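Scroll down for the structure; my scribbles are underneath it.
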Amino acid sequence: MRGSFLYIFGGIMDYRKTVIDKLKEVDSIKDIDIESILEIPKDSSMGDFSFPCFRLASVFRKSPDAIANEIAAVIKTDLNIKKIEVVKGYLNFFINKSKMMEETFEKIFSLKERYGFSYIGEKKNVIVEFSSPNIAKPFHIGHLCSTVIGNSLANIYEALGYHVIKVNHLGDWGTQFGKLMVAYENWGDDEKLKEEPIKELLRIYVKFHDEAEENPSLEEQARYRFKLLEDGCEKETQLWEYFRTMSLKEFEKIYRRLNISFDSYAGEQFYSDKMPEVISLLEEKGLLVDSQNAKVVNLDDYDMPPCLIVKSDGASIYATRDIAAAIYRVRNYHFDKNLYIVGTPQALHFKQFFKVLELMGYPWSSDCRHIGFGLVKFKDKKLATRKGDVINLEEVLDESVARTLDIMKQSASEVDDYTKTSEIVGIGAIIFTFLKKTRERDLIFSWEDTLNFEGETGPYVQYSYSRAKSILRKANFNENTPYDCDYLKEEVEIDLLSKLSKFGEMILEAAKRDEPSVIARYAVNISQTFNSFYNANRVIVEDKNVMNARLNLVYAFSIVIKNALALLGIEVVEIM
RNA sequence: GUGCCUGUAGCUCAGCUGGAUAGAGCAACGGACUUCUAAUCCGUAGGUCGGGGGUUCGAAUCCCUUCAGGCACGCCA
């Protein structure tokens with residue numbers, strides 16, 4: 001597997017292979033698993049690759065230092081490996097930087113917006129199910145997590161050559177629709193529903209629950225109405241469509257602002273007619289047992305509670321719909337991976353339903369994965385509005401944009417379009433905040449960490465990009481400007497280019513861990529290096545050779561940072 | 001009660017398959033704009049990696065135990 005990566009990426013991976021090959025030629029250690037021992041040191045002053053000899057000490061009955069020295073004596077340097085050093089039991093390899101820099105430039109400039117991408121996923125399908133808001137309920141902050149993470153993962157898989165199917169598994173089915181119908185007929189206001197559909201639907205939904213406490217028969221009515229909906233009764237179906245259309249209209253507004261689209265909106269309702277098959281399949285395999293008037297799959301043998309398949313009133317439930325959806329997807333998309341971007345609180349549900357798929361005899365159950373994420377908490381109390389702890393997302397986005405505009409107006413930049421720029425930067429700041437931490441950790445949201453003038457934020461990365469572009473503009477840079485890497489002598493210059501060479505590996509790691517934060521952190525990291533570079537070194541200088549080399553470095557950076565942000569679903573601005 | 005997750009600097013977080021002095025960013029303090037946008041940069045200070053055992057040449061990382069917090073445990077999704 002690794003071999004094929006080398007092919008595609010070149011860059012640092014080629015050098016790794018060279019080092020491994022050299023070590024393998026050493027007779028005394030040829031049987032050792034060199035590949036797993038070889039590592040990349042933390043500090044570049046300790047080389048580009050390091051081979052710790054501690055484990056060999058007991059085998060050879062010699063000190064690690066002595067072993068390292070013996071190996072070092074045998075290995076010869078060459079065009080790729082410039083220097084080999086022995087330090088405290090480590091064998092440190094230094095690669096030929098100017099060759100590496102040359103190669104990196106070539107790759108970036110020839111591939112441009114496809115730099116870092118590869119083809120390892122070619123002809124493979126990945127389904128990413130994400131966002132999945134509930135009809136008639138507010139699009140809350142958890143959905144935003146799912147939306148932003150899912151979209152980024154979709155981008156990341158696409159960059160690896162996979163064919164990605166983005167599915168919005170709408171929560172458009174279930175007993176809550178029975179409740180809504182009862183509520184709508186009793187307390188609904190059509191005018192308000194047209195103005196602010198979600199708000200009004202939520203109001204009557206809450207009202208229903210309040211009333212139902214006094215009058216339990218409402219619950220029964222609701223269950224009955226949902227049953228009618230499932231049976232396809234016309235009146236109920238019409239109401240359902242009405243609620244769905246109105247809600248989607250409002251969700252679309254957010255998707256448009258986030259620049260996110262889907263390949264499928266097949267939600268729970270879509271699978272409602274596919275469930276009898278699921279139930280008969282389960283019955284055929286003898287998995288379904290009666291329990292308290294309901295039907296379940298017993299999972300005692302796997303230390304899990306049973307998985308409910310049919311409710312006691314005969315109606316469907318989410319597990320059944322998820323099973324139907326998975327079967328539908330494998331038949332229609334022949335997926336290689338089927339990812340569910342859903343909060344970690346639902347981990348058990350996914351474990352159960354994947355297990356049921358396995359018990360049904362589907363080997364592809366192991367290709368289904370739950371990509372969980374943590375909760376969003378608020379440090380800034382002001383963000384959490386009253387009315388039932390529901391946060392209006394539009395307001396969050398608007399506030400971010402407004403604060404961004406404020407900051408922009410204070411700065412000395414020559415922004416031409418404040419409205420457009422603040423929108424991109426403000427939205428980007430929110431997206432970045434959601435993606436920079438590892439998924440499963442809870443997010444503690446604060447405006448300071450999101451929009452701070454300084455720090456690891458979206459605006460910081462976008463600013464770095466716009467500075468780079470500004471320099472290129474001032475210098476009238478064009479792509480034919482020649483470069484000679486020998487004029488990039490500064491440590492920070494070499495460091496920056498070396499980091500740019502690792503972008504492809506970052507994408508691989510992000511996909512391997514289903515972790516967009518890998519890309520977000522990388523973007524911050526190269527931005528920091530870039531900022532150090534341009535603060536310490538002028539780009540536009542007298543010496544044409546130095547200037548051209550630096551301009552190309554700035555250009556290379558701008559390409560990589562733009563690609564990285566694109567993977568996160570964040571746009572760049574030329575001036576900010 | 002059972003299971004899962006989290007616990008790293010005052011705050012928010014990195015830390016890959018165990019490896020060389022535990023890294024950033026905020027906030028604090030001190031510096032850098034006649035020079036490519038100072039939403040930037042440079043420097044200082046700040047840590048018993050929750051506690052305790054164990055495995056190992058070597059542990060934030062693996063195992064056990066304990067404490068603290070969170071979440072989930074059939075007719076909601």
Side-chain angles (χ1 to χ4, degrees), chain A residues 36-37 39-43 46 50 52 54-55 57-58 63-64 87-90 92 132 134 137 169 171 173-176 268 291-296 303-313 315 317-319 321-322 342-349 351-352 372 374-375 377 379 404 407-408 410-415 425 433 436-438 440-446 448-449 451-457 459-460 462-464 466-468 470-475 509 512-513 517-518 521 524-525 527-528 530-541 550-551 554 575-576:
Chain A
S36 69
I37 298 177
E39 59 188 44
I40 295 170
K42 287 190 168 144
D43 194 315
M46 298 186 285
S50 186
F54 307 99
R55 249 177 275 186
S58 61
S63 74
V87 184
K88 291 195 280 189
Y90 289 88
N92 293 337
S132 311
N134 296 318
K137 287 194 189 163
H169 190 78
W173 209 238
T175 38
Q176 77 266 25
E268 302 185 309
S291 167
Q292 300 165 32
N293 290 325
K295 292 183 199 294
V296 304
D303 293 317
M304 279 187 265
C307 184
L308 186 67
I309 301 293
V310 183
K311 298 200 287 187
S312 49
D313 65 358
I317 192 157
Y318 56 97
R321 297 195 274 269
D322 271 335
V342 180
T344 49
Q346 289 189 47
L348 179 61
H349 160 67
K351 255 176 88 178
Q352 287 176 304
L375 275 66
K377 297 171 180 171
K379 204 193 231 176
T404 301
I407 296 166
M408 272 170 49
Q410 286 165 31
S411 84
S413 64
E414 297 159 4
V415 177
V425 176
T433 298
K436 83 170 163 190
K437 60 159 197 75
T438 47
E440 301 205 359
R441 189 190 269 274
D442 288 347
L443 168 65
I444 317 272
F445 186 95
S446 78
E448 186 183 49
D449 294 336
L451 288 172
N452 202 294
F453 280 54
E454 295 156 18
E456 301 167 321
T457 63
Y460 174 87
Q462 284 167 317
Y463 176 73
S464 307
S466 72
R467 284 300 300 270
S470 168
I471 293 169
L472 297 176
R473 249 180 278 120
K474 282 248 153 67
E509 195 194 329
K512 190 175 144 203
R513 294 166 56 191
S517 68
V518 170
R521 303 217 129 257
V524 168
N525 190 262
S527 296
Q528 284 169 335
F530 170 75
N531 285 326
S532 286
F533 155 69
Y534 85 69
N535 267 279
N537 305 93
R538 288 197 61 77
V539 173
I540 301 168
V541 289
R550 286 180 178 167
L551 281 170
V554 172
I575 305 169
M576 70 180 272

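Please read all numbers here as calculations on a predicted model, not as lab measurements. Throughout, protein chains are lettered first and strands after them, A, B, ... in sequence-line order, and every chain is numbered starting at 1.
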Q. Would you say S532(A) reaches C42(B)'s phosphate, i.e. side-chain N/O to OP1/OP2 under 4.0 Å?
A. yes
**Q.** Nearest listed nucleotide, side chain of I444(A), among C13(B), A77(B), G74(B)
**A.** C13(B)
Q) Rounded to whole angstroms, how far apart are CD1 on I309(A) and P on A77(B)? A) 13 Å
Q. A39(B) pairs with which nucleotide, Watson-Crick or G-U wobble, both distances below 3.5 Å?
A. none
**Q.** Nearest-angstrom distance, C1' atom, G15(B) to A59(B)
**A.** 13 Å
Q. With a 4.0 Å cut-off on heavy atoms, is M46(A) in touch with a base, just the backbone sugar-phosphate, or nothing at all?
A. base
Q | Expected output: side-chain Q352(A) to main-chain P306(A) donor-acceptor under 3.5 Å | A | yes
Q: Would you indicate what S466(A) reaches in the nucleic acid, counting non-hydrogen atoms under 4.0 angstrom: base, sugar-phosphate, or nothing?
A: base
Q. Can you check side-chain contact (heavy atoms from CB on, under 4.5 Å) on V342(A) and H349(A), steps first, answer last?
A. CA-CA 11 Å; V342(A) 180; H349(A) 160 67; over 6 Å; no
Q: Report yes or no: does D442(A) contribute a side-chain atom to a donor-acceptor pair with the main-chain N or O of L375(A) at less than 3.5 Å?
A: yes
Q) Taking the P atom of each, how far is C11(B) from A28(B), in whole Å? A) 16 Å
(Q) For the P atoms, the ones on U12(B) and on G50(B), what distance do you get once it is rounded to whole angstrom? (A) 15 Å
Q: Would you mind reading off the distance between F530(A) atom CZ and A39(B) atom C1', rounded to a whole angstrom?
A: 14 Å
(Q) Tell me whether the side-chain N/O atoms of S470(A) come closer than 4.0 Å to OP1 or OP2 in U37(B). (A) yes
Q | Residue pair S464(A) / N531(A), side-chain donor-acceptor N/O under 3.5 Å | A | yes
**Q.** In C63(B), glycosidic geometry as syn within 90° of 0 or anti otherwise
**A.** anti
Q: Using atom CZ of R321(A) as one end and atom C1' of C76(B) as the other, report the distance to the nearest whole Å.
A: 10 Å
(Q) With heavy-atom distances below 4.5 Å as the criterion, would you say the side chains of N452(A) and Y460(A) are in contact? (A) no
**Q.** Spacing of I407(A) atom CD1 relative to U40(B) atom C1', expressed in whole Å
**A.** 14 Å
Q) Roughly how many Å is it from CZ in F533(A) to P in U40(B), rounded to a whole number? A) 18 Å
Q.
Under a 3.5 Å distance rule, please check whether T344(A) uses its side chain to pair with a backbone N or O of A347(A) as donor and acceptor.
A. no
**Q.** Spacing of the C1' atoms in A9(B) and A14(B) (rounded, Å)
**A.** 13 Å
Q) For A72(B), which nucleotide in any strand shown is its Watson-Crick or wobble partner with both distances under 3.5 Å? A) U2(B)
List every contact pair, protein side and nucleotides 24-27 of chain B side both N or O, where the distance is under 3.5 Å.
unit_1, atom_1, unit_2, atom_2, d
A24(B), O2', E456(A), OE2, 2.7
A24(B), O2', Q528(A), NE2, 3.3
G25(B), O4', E456(A), OE2, 3.3
G25(B), O2', E456(A), N, 3.2
C26(B), OP1, E454(A), OE1, 3.3
C26(B), O2', E448(A), OE1, 3.1
C26(B), O2', E448(A), OE2, 3.3

Q: Report yes if some heavy atom in the side chain of V554(A) is under 4.5 Å from a heavy atom in the side chain of L472(A); otherwise report no.
A: yes
Q: Decide yes or no, distance alone: a donor-acceptor N/O pair under 3.5 angstrom between the base of G74(B) and the side-chain of S312(A).
A: no
Q | S466(A) side chain reached by I575(A) side chain, heavy atoms, under 4.5 Å | A | no
Q: Please determine, for U34(B), whether a Watson-Crick or G-U wobble partner exists with both distances under 3.5 Å, and give it or none.
A: none
Q. Side chains of K436(A) and V524(A): closer than 4.5 Å at any heavy-atom pair?
A. no
(Q) Looking at the base of A20(B), is there any donor atom on it, or on the side chain of N92(A), that sits under 3.5 Å from an acceptor on the other one? (A) yes
Q: Could you tell me whether K437(A) atom NZ has more than 12 heavy atoms of other residues or ligands within 6.0 Å of it?
A: yes
Q) Under 4.0 Å between a side-chain N/O of K437(A) and OP1 or OP2 of U12(B), yes or no? A) no
Q) According to a strict under-4.0 Å criterion, is T175(A) in side-chain N/O contact with OP1 or OP2 of C76(B)? A) yes
Q. Is S464(A) side chain donor-acceptor paired with the U40(B) base, going by distance under 3.5 Å alone?
A. no
**Q.** Atom-to-atom span, CG of N525(A) to P of G23(B) - whole angstrom
**A.** 14 Å
Q.
Once you apply a heavy-atom cut-off of 4.0 Å, does R473(A) come out as touching a base, just sugar-phosphate, or nothing?
A. nothing
Q.
Please give the distance between the P atoms of G47(B) and U8(B) as a whole number of Å.
A. 15 Å
Q: Could you give the distance separating C33(B) and A39(B) at their P atoms, to the nearest angstrom?
A: 15 Å
**Q.** Under-4.0 Å side-chain N/O to phosphate OP1/OP2 contact, R441(A) with G70(B)
**A.** no
(Q) Both distances below 3.5 Å, Watson-Crick or wobble geometry, any strand: find the nucleotide opposite U21(B). (A) none
Q) Rounded to whole angstroms, how far apart are CD1 on I540(A) and C1' on C36(B)? A) 4 Å
Q) Is T457(A) close to L451(A) at the side-chain level, that is, under 4.5 Å between some pair of heavy atoms? A) no
Q.
So if I take every side-chain heavy atom of P345(A) and compare against A39(B), C13(B), A72(B), which nucleotide ends up nearest?
A. A72(B)
(Q) If you compare every side-chain N and O of R538(A) against the phosphate oxygens of C41(B) (OP1, OP2), does one of them come in below 4.0 Å? (A) no
Q) Considering only heavy atoms and no angle criterion, is a donor-acceptor pair shorter than 3.5 Å present between the side chain of Y463(A) and the base of A39(B)? A) no
Q: Could you work out which one of C76(B), A39(B), A20(B) sits closest to the side chain of Q176(A)?
A: C76(B)
**Q.** Base partner of C26(B), which must satisfy Watson-Crick or wobble distances under 3.5 Å
**A.** G10(B)
Q: Considering only atom C1', compute the distance from U44(B) to A27(B) and round it to an integer number of Å.
A: 15 Å
**Q.** Nearest-Å distance for atom pair CG/P, residues L348(A) and C5(B)
**A.** 13 Å
Q) Distance between the C1' atoms of A22(B) and U61(B), in whole angstroms? A) 11 Å
Q: Ignoring backbone atoms, establish whether K377(A) has a side-chain N or O less than 4.0 Å from OP1 or OP2 of G70(B).
A: no
Q: Tell whether S50(A) reaches the base of A20(B) with its side chain through a donor-acceptor pair below 3.5 angstrom.
A: yes
**Q.** pair R550(A)-Y534(A): side-chain heavy atoms closer than 4.5 Å
**A.** no
Q | Closest-nucleotide 5' rank along RNA chain B - winner of L443(A) and S291(A) | A | L443(A)
Q.
With a 3.5 Å limit on both atom pairs, tell me what C49(B) is paired to, counting Watson-Crick and G-U wobble, or say none.
A. none
Q: Nearest-nucleotide wise, let me know which of G171(A) and T344(A) is further upstream toward the 5' end of RNA chain B.
A: T344(A)
Q) Can you tell which of A39(B), A77(B), C36(B) lies closest to the side chain of N134(A)? A) A77(B)
Q. What nucleotide among G74(B), U37(B), A77(B) has an atom nearest to a side-chain atom of I575(A)?
A. U37(B)
Q) Of the candidate nucleotides G15(B), G74(B), A39(B), which contains the atom at the shortest distance from the side chain of V425(A)? A) A39(B)
